[in-house]
A.B. asks: 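Below is one structure. I have some questions about it.
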Amino acid sequence: MGDELQWADVPADRLNIAATLDSGQCFRWICTGDGDWIGVIGDCGVKLRPRVDGFWWQTYPRRDRWDLIQQFFALDVDLERLYGEWRRAEPRTEQSIARNAGMRILRQDADEAFFSFLCASCNTVVKIRRSVQALARMYGEAVAEVDGLVLHAFPTAERIANASEPALRAALWGYRAPVLIDAARDVSERGDGWLDSLRAVPYREAHAELTSIHGIGAKIADCICLFGLWHDEAVPIDTHVRRIAMRLFRPDLAIKSLTPAVYDTLASLFRARFGPYAGWAQQYLFYDSLRHAEDR
DNA sequence: CACGGCCCTTGGG
DNA sequence: CCCAAGGGCCGT
């Protein structure tokens, strides 16, 4: 075994590992009883052991891949600068910043974000986790074993396109199983690297491309844009963020249902208020309201 | 353009 | 037991 964890001098208020991995951006990281986090980045298993003034880490089977961790957690983004801008733009963000300092938006694989959020509609976080983990276990390559856990890379679109619908239904995908398979076919048909290529185009264009796929509406497209395509200005408006946005910006919209027009209005207000990292600001307000249930 | 019914499962009321 | 839960589609 020879764990030989490496030390990273990144304090918890610059990277809050637990908040980041628990905030509903990703669904396959597991927290062990000891407080270690175990997951996969690309084709590497990863172990993280958070401490206050930094964290221990290692990658498997190839060791010492700090480059993977540095990119996955977007450690190049200066949080203090963002906090300053948000406080100035909207003082009511203060509490969500203070209570979740160090939370970050992940730079995830485009494929994993795409297919994970495809099953988020009318679902619970607990069940999304189980569905996505089952999908990876059934169709993803085993890449490493860490502390007795066999870790799998996320399956390719091609593998998912050829998956068995009954098997997926049984693995908690339910009525979403055929949607998943059809979407995987669409993605395969558009060619290798199509999803990744949406990182290089403007956010609006990437969003439009995604919503052209059956099963992907405005909200899920924004989740994929923010978490998988690294478009930091994407603001997914779910039921929680909707309440927050109405409270902050437009109480008059409270009576209206979330039509495409209302959706776009609220997301645009977020961007106008918080700027190019509006998606990050959204994550703080979202996670804070989820944990403290203050919006109800 | 706005609304309502429908869809798999599950855990929490 | 029943029903909402981090939506989207299709029909009116």
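Numbers restart at 1 for each chain; the letters A, B, ... are given by sequence-line order, proteins then strands.
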A.B. asks: In whole angstrom, give the distance that lies between atom CG of A:L118 and atom P of C:dG6.
C.D. replies: 18 Å

A.B. asks: Which nucleotide, in any strand shown, forms a Watson-Crick or G-U wobble pair with C:dG7, with both distances under 3.5 Å?
C.D. replies: B:dC7

A.B. asks: If you look at every strand shown and take non-hydrogen atoms under 4.0 Å, does A:T124 touch a base, only sugar-phosphate, or nothing?
C.D. replies: base

A.B. asks: Over 60° means perpendicular and under 30° means parallel, so classify the ring planes of A:F227 and A:F117, tilted if in between.
C.D. replies: parallel

A.B. asks: Starting at OH of A:Y175 and ending at P of B:dC8, how long is that distance when rounded to a whole Å?
C.D. replies: 8 Å

A.B. asks: Check the phosphate of B:dA2 against A:T259, side-chain N and O only, distance under 4.0 Å to OP1 or OP2. Yes or no?
C.D. replies: yes

A.B. asks: In whole angstrom, give the distance that lies between atom CH2 of A:W173 and atom P of B:dT10.
C.D. replies: 15 Å

A.B. asks: How many Å lie between CZ on A:R169 and P on B:dC7, as a whole number?
C.D. replies: 11 Å

A.B. asks: Check whether the ring centres of A:W7 and A:W57 lie less than 6.0 Å apart, and answer yes or no.
C.D. replies: no

A.B. asks: Atom CZ of A:F27 to atom P of C:dA5: distance rounded to whole Å?
C.D. replies: 17 Å

A.B. asks: Rounding to an integer number of angstrom, what distance separates B:dC8 and C:dC10 when you compare their P atoms?
C.D. replies: 14 Å

A.B. asks: For the residue pair A:Y203 and A:H207, does the interplanar ring angle fall in the parallel (under 30°), tilted (30 to 60°) or perpendicular (over 60°) class?
C.D. replies: tilted

A.B. asks: Pick the nucleotide of DNA chain C nearest each of A:A120 and A:G215; which residue has the one closer to the 5' end?
C.D. replies: A:A120

A.B. asks: Atom CG of A:L135 and atom C1' of B:dC8: how far apart are they, to the nearest Å?
C.D. replies: 16 Å

A.B. asks: Taking atom P in both B:dC7 and C:dC1, what distance in whole Å separates the two?
C.D. replies: 23 Å

A.B. asks: Choosing from C:dC10, B:dA2, B:dC7, which nucleotide comes nearest the side chain of A:H214?
C.D. replies: C:dC10

A.B. asks: Looking at the side chain of A:L172, which of C:dG7, C:dG6, B:dT10 is the nearest nucleotide?
C.D. replies: B:dT10

A.B. asks: Can you tell me, in whole Å, how much space there is between the P of B:dG5 and that of C:dC3?
C.D. replies: 14 Å

A.B. asks: Between A:N123 and A:V126, which is nearer to the 5' end of DNA chain B once each is assigned its nearest nucleotide?
C.D. replies: A:N123

A.B. asks: Does B:dG11 have OP1 or OP2 under 4.0 Å away from a side-chain N or O of A:R130?
C.D. replies: yes

A.B. asks: On DNA chain B, does the nearest nucleotide to A:A261 precede the nearest nucleotide to A:C122 from the 5' side, or the other way round? Give the residue.
C.D. replies: A:A261

A.B. asks: Under 4.0 angstrom, heavy atoms only, what part of the nucleic acid is A:G217 near: base, sugar-phosphate, or nothing?
C.D. replies: sugar-phosphate

A.B. asks: Between A:E189 and A:R185, does a salt bridge (Lys or Arg N to Asp or Glu O under 4.0 Å) hold up when you go through it step by step?
C.D. replies: CA-CA 6 Å; A:E189 276 169 20; A:R185 288 192 183 130; over 6 Å; no

A.B. asks: What I want to check is whether the side chains of A:Q25 and A:S23 have a donor and an acceptor closer together than 3.5 Å.
C.D. replies: yes

A.B. asks: Provide, to the nearest angstrom, the distance between the CZ atom belonging to A:F227 and the P atom belonging to C:dG6.
C.D. replies: 14 Å

A.B. asks: Could you please name the option among C:dG6, B:dC3, B:dC8 that lies closest to any side-chain atom of A:F117?
C.D. replies: C:dG6

A.B. asks: Could you measure between the two P atoms, the one in B:dC6 and the one in C:dG6, and give it in whole Å?
C.D. replies: 22 Å

A.B. asks: In terms of side-chain heavy atoms of A:S121, which of C:dG7, B:dA2, C:dG6 is nearest?
C.D. replies: C:dG7

A.B. asks: So A:R176, base contact, sugar-phosphate only, or nothing? Heavy-atom distance under 4.0 Å.
C.D. replies: base

A.B. asks: For the residue pair A:Q6 and A:D64, confirm or rule out a side-chain donor-acceptor distance under 3.5 Å.
C.D. replies: yes

A.B. asks: Give one of base, sugar-phosphate or nothing for A:I216, where a contact means two heavy atoms less than 4.0 Å apart.
C.D. replies: sugar-phosphate

A.B. asks: Do A:W37 and A:W29 have their ring centres less than 6.0 Å from each other?
C.D. replies: no

A.B. asks: Rounded to whole angstroms, how far apart are CD1 on A:I220 and P on C:dA5?
C.D. replies: 16 Å

A.B. asks: Relative to the 5' end of DNA chain C, which residue comes earlier, A:Y263 or A:K127, by the nucleotide with the nearest heavy atom?
C.D. replies: A:K127

